[in-house]
Amino acid sequence: MESPLPPQEGSSEEQERLVALKAFRSAGKGSWASVPDAEWNDWKWQLKNRVTRIDQLERLLPSMTREERAGVLLAGESKLAMAVTPYYFNLLDASDELCPIRRQVIPRLEETTTAPWETLDPVGEDAHSPVPGLVHRYPDRVLFLVTDRCAAYCRYCTRSRLVSNASGYDFHPEFDRQIAYIAEHTEIRDVLLSGGDPLLFNDEKLEYLLGRLRAIPHVEFLRIGTRVPIFLPQRITPELCAMLRQFHPLFVSIHTNHPRELTTEVREALGRMADVGIPLGNQSVLLRHVNDEPVVMKALVQKLLLCRVRPYYIYQCDLIAGSAHLRSTVSRGLEIMDSLRGHTTGYAVPQYVIDAPGGGGKIPVNPGYILRKSATKVILRNFEGKVFEYPEVPEVAAMAPLSDSSMALGKD
Ligand SMILES: *Cc1c(COP(=O)(O)O)cnc(C)c1O
C-alpha cells in the first residue's frame with residue numbers, strides 16, 4: 001500500500017536546514033533571567049531596558065569585534081542611534097559574527113563609508129513631500145510619517161535621516177497639517193502610517209489618529225507599517241487589538257527578514273492581530289549574509305504563512321549611505337525569486353521590487369519567464385525550465401461580433 005512520494009527538491013542537507021529554520025522557538029530571557037515575568041512581558045519595560053550603550057554590549061556581547069565596537073561608538077554621535085530590545089537581543093548569536101540577527105541591529109564601522117551612489121534620501125522622498133511628514137508619491141495613496149522613534153534601529157534604515165531624532169524635525173502630535181492635506185485631496189483613498197514606528201504610540205494616541213483619518217470620507221483603506229511585532233511582540237496586547245479592530249478595513253504590514261525572527265512570541269502576537277480580522281502582509285529587505293540565500297528566504301516565506309502573514313514585498317536594499325556591506329545583488333534577488341515561484345505556493349511568493357533611486361517609486365523586477373514573443377505566439381519557460389508555447393490569438397478575430405449562425409445556435 002505504498003503511495004508514491006512527492007518529488008523531493010534539493011539535497012537532504014537543504015531539507016534539514018529548511019526544517020530547522022522553520023522551527024518556532026521562544027527567545028527566552030537569556031541574560032535577563034532574573035527579571036520577573038510581569039516586567040519582561042511589559043512592552044514599556046522592554047523599551048526602557050533597551051541595549052543602547054557600549055558598556056552594556058561589553059557585558060552582553062563579549063565577542064564584539066573591532067568593527068562592531070567602532071560602529072557602536074560612532075552610532076552614538078552620528079545619524080542613527082543603536083537600540084535593541086532585550087527580547088530581540090536574545091535572538092542574536094554571540095558566537096557568530098555573521099549572525100543574521102546581529103548584522104541587522106549592531107552597528108559596524110562600515111556604516112561610516114559612503115559609496116558614490118549612496119545618499120541620505122535614496123528614494124527621493126523629500127522631493128515628494130507636500131507637507132512635513134507626508135510623502136505623496138503615488139496617485140491614490142500617501143505615506144504618513146507619524147513618529148521618528150522605533151523599538152530598535154535597523155542598520156540599513158532608509159529613513160535614517162529622520163529617525164532616532166536625527167533631523168530635529170518636530171513631529172506635531174495633533175498632525176493638523178497632514179490631516180488637512182489628506183482631507184483636501186479627495187484622490188487619496190489609502191493612507192499608510194509609518195515613521196518611525198506607529199505602534200510605539202500608546203493606544204489613546206493611535207486611536208485618536210486613526211479616528212481622525214477614518215472621519216475623512218474618501219479615505220477607504222488604512223495601513224500601518226510596523227516592525228514592532230518583531231522587535232517588541234509584547235506591545236501587541238489584546239487591548240491594542242480591540243482598539244484597532246474599530247478601524248477596518250485596516251491592514252498591517254510587518255517587516256521581518258529572517259526566519260529566526262519568527263519566534264513563538266511573535267507567532268502569538270501576529271495571531272492576536274489576525275484574530276481581530278487584520279490582514280497581515282510582510283515586507284523584507286534583501287540583505288547580504290542575512291537572507292540572500294534561497295533556503296533562508298523559502299523558510300521565511302513558508303513560516304510567515306504559518307503565522308497567517310502573506311509575504312508582500314522583497315525590497316532590493318535602498319542606496320542608503322553606509323549600507324554597502326549589507327547590500328546583495330539584483331542577480332541574487334532574481335535567483336531567489338526563481339527558487340520560490342512554482343516551488344512553493346503563490347501565497348508565499350512576494351513581489352521583488354527596486355525602489356528607484358531619485359524618486360521613481362517601486363519597480364517590480366521578475367525573473368524572465370517569457371523567452372520570446374511574436375505576433376503569433378509566446379514562448380515561455382516554467383519553474384522547472386521546461387519550454388512551452390502559447391498562441392497569440394489575433395485580437396481582431398477574438399473581438400469579432402457573434403455571427404448570425406452562432407447567435408442562432410444560442411436560440412431554443
Ligand atoms: C511603498 C510606498 C507606498 C505604498 O505602496 P504600496 O505598493 O501600495 O504598498 C506609498 N507611498 C510611498 C512613498 C511608498 O514608498
Side-chain angles (χ1 to χ4, degrees), residues 119-148 150 154 156-163 167 169 171 175 177-179 181-199 209-210 213 216 218-227 229 247-257 273 278-287 301 304 309-320 323 333 337 346-347 349-366:
T119 64
L120 281 174
D121 181 15
V123 297
E125 291 184 331
D126 293 343
H128 289 101
S129 183
V131 295
L134 271 194
V135 185
H136 194 177
R137 174 66 192 79
Y138 299 99
D140 72 337
R141 56 204 187 278
V142 288
L143 177 65
F144 189 172
L145 307 175
V146 298
T147 171
D148 61 349
C150 286
C154 308
Y156 51 88
C157 178
T158 207
R159 281 189 210 113
S160 54
R161 70 188 188 285
L162 299 175
V163 304
S167 61
Y169 161 59
F171 284 85
F175 304 110
R177 284 185 72 187
Q178 295 81 6
I179 291 170
Y181 179 90
I182 296 168
E184 277 160 26
H185 288 259
T186 52
E187 73 276 18
I188 298 171
R189 39 165 301 283
D190 173 348
V191 178
L192 166 52
L193 301 185
S194 181
D197 202 313
L199 291 188
L209 182 58
L210 291 169
L213 292 168
I216 302 171
H218 54 268
V219 173
E220 297 173 7
F221 174 55
L222 294 172
R223 254 191 295 182
I224 297 174
T226 175
R227 215 180 173 189
F247 297 102
H248 279 315
L250 171 74
F251 282 44
V252 167
S253 287
I254 67 162
H255 170 183
T256 173
N257 296 318
M273 289 200 281
I278 299 175
L280 298 168
N282 179 63
Q283 317 196 89
S284 289
V285 180
L286 183 68
L287 295 169
V301 296
L304 280 164
V309 181
R310 167 84 161 90
Y312 180 44
Y313 284 137
I314 293 181
Y315 290 90
Q316 176 63 19
C317 185
D318 290 336
L319 299 171
I320 183 74
S323 63
M337 294 312 297
Y347 277 110
V349 182
Q351 175 64 57
Y352 180 35
V353 292
I354 298 180
D355 211 334
K362 297 178 182 71
I363 301 174
V365 278
N366 297 306

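When reading the values below, keep in mind they use all heavy atoms of this one structure, side chains included, and skip hydrogens, waters and symmetry mates. Counting convention: from 1, in listed order, for ligands and their atoms alike. FYI, the numbering just counts along the sequence from 1. None of these values were measured; they are calculated from a predicted model.
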Mode of Leu192 contact toward ligand 1 - side chain, backbone, both, neither (heavy atoms, under 4.0 Å): side chain

Protein contact of atom 4 (C) of ligand 1 - nearest heavy atom, named by residue and atom, plus distance: Arg223 NH2, 3.6 Å

Nearest option to atom 3 (C) of ligand 1, as decided by whichever heavy atom of Arg137, Lys362, Gln283 sits closest: Lys362

Basic-acidic side-chain contact under 4.0 Å: Arg223, Asp190: yes

Close side-chain approach of Met337 to Ile314, heavy-atom, < 4.5 Å: yes

Nearest-0.5 Å distance that lies between atom NE2 in His218 and atom CZ in Arg189: 11.0 Å

Per-atom contacts of ligand 1 with Val135, taking only distances under 4.0 Å to non-hydrogen atoms: 13 (C)

Side chains of Gln351 and Asn366, donor plus acceptor under 3.5 Å: yes

Contact partition for Glu125 relative to ligand 1, non-hydrogen atoms under 4.0 Å: neither

Top protein contact for atom 12 (C) of ligand 1, by heavy-atom distance: Tyr138 CE1, 3.6 Å

Identity and separation of the nearest protein heavy atom to atom 6 (P) of ligand 1: Tyr312 OH, 3.4 Å

Taking atom 7 (O) of ligand 1 as the reference point, the nearest protein heavy atom with its distance: Tyr313 OH, 2.5 Å

Tyr138 atom OH, over 12 foreign heavy atoms within 6.0 Å: yes

Rounded distance [0.5 Å steps], CZ in Phe175 versus CG in Leu145: 10.0 Å

Any side-chain heavy-atom pair of Leu143 and Arg137 under 4.5 Å: no

Atoms in ligand 1 with a heavy atom of Arg141 nearer than 4.0 Å: 4 (C), 5 (O), 6 (P), 7 (O), 8 (O)

